[in-house]
Amino acid sequence: QVQLVESGGGLVQAGGSLRLSCAASGRPFSSYAMGWFRQAPGKEREFVAAISWSGDSIYYADSVKGRFTISRDNTKNTGYLRMNSLEPEDTAVYYCAAHRGFAAVRSTPGYWGQGTQVTVSS
């Protein structure tokens, strides 16, 4: 198993940027694909981005493509989500997720972090 802890959330003005981090422990992080999801108040949790264990495969939701960048540093057991040009619609709790398979982490992750709040003001 793997444990995931998100950090880096906060309050930012529209048009600003944040970088979220996902620190992993337990099983070797390098053996897992990882992804990011978010859940806004009153809405279902939705997929944001995913990256394979090697970093050679990346997939973004249409709503964030061109604004968000997912990356990982396996030597630090850490994944990242850089968010640029943030909009009020991006306000949500952001969750880190992991699974051994790249396809599965985009839909049915095996492990979840506790989430970090991102609030974008007008």
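Just the heavy atoms: all of them, side chains too, but no hydrogens, waters or symmetry mates, feed the values below.
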Tell me the closest heavy-atom pair linking S85 and S17, and the distance in Å. N-OG, 4.3 Å
Can you give me the closest heavy-atom contact between F37 and S107, atom names plus distance? CZ-N, 4.4 Å
R38 vs T91, test: side chain to side chain contact (heavy atoms under 4.5 Å, CB included). Steps then yes/no. CA-CA 9 Å; R38 66 186 183 185; T91 295; over 6 Å; no
Do the side chains of N84 and R82 get nearer than 4.5 Å, heavy atoms only? yes
Are W112 and L4 connected in a single hydrophobic cluster, I mean Ile/Leu/Val/Met/Phe/Trp/Tyr linked by side-chain heavy atoms less than 4.5 Å apart? no
Can you label the angle between the F68 ring and the Y94 ring as parallel, tilted or perpendicular, going by 30° and 60°? tilted
Could you go through the side chain to side chain contact (heavy atoms under 4.5 Å, CB included) check for K76 and S21 one step at a time? CA-CA 11 Å; K76 301 182 183 297; S21 297; over 6 Å; no
Of V105, D56, L81, I70, the residue whose pairing with I51 passes side-chain contact (heavy atoms from CB on, under 4.5 Å): I70
A23 and T78 have their tightest heavy-atom pair at CA-OG1, 4.3 Å
Hey, could you give me the CD/OG distance between Q1 and S25, rounded to the nearest 0.5 Å? 9.0 Å
Nearest heavy-atom approach of E6 to Y95 is OE2-CA, 3.3 Å
Spacing of CZ belonging to F47 relative to CZ belonging to R106, to within rounding of 0.5 Å: 6.5 Å
Separation between CE of M34 and OG of S71, rounded to the nearest 0.5 Å: 8.5 Å
S52 backbone acceptor or donor facing R72 side chain under 3.5 Å: yes
So M83 and L20, side chain to side chain contact (heavy atoms under 4.5 Å, CB included) or not? Walk me through it. CA-CA 8 Å; M83 305 182 294; L20 306 183; 3.7 Å; yes
Hey, is the main chain of S54 close enough, under 3.5 Å, to the side chain of N74 for a donor-acceptor pair? no
Which heavy atom of P88 sits nearest a heavy atom of A14, and at what distance? CD-CB, 4.2 Å
What pair of heavy atoms forms the shortest contact from A92 to A40, and how long is it? CB-N, 3.7 Å
Carefully, step by step, assess C96 and W36 under the rule side chain to side chain contact (heavy atoms under 4.5 Å, CB included). CA-CA 5 Å; C96 181; W36 291 92; 4.0 Å; yes
Are Y59 and Y80 connected in a single hydrophobic cluster, I mean Ile/Leu/Val/Met/Phe/Trp/Tyr linked by side-chain heavy atoms less than 4.5 Å apart? no
When rounded to the nearest 0.5 Å, the distance separating CD of Q114 from OG of S7 is 13.5 Å
Out of curiosity, does V64 fall in the hydrophobic cluster containing V120 (side-chain heavy atoms, cut-off under 4.5 Å, transitive links)? yes
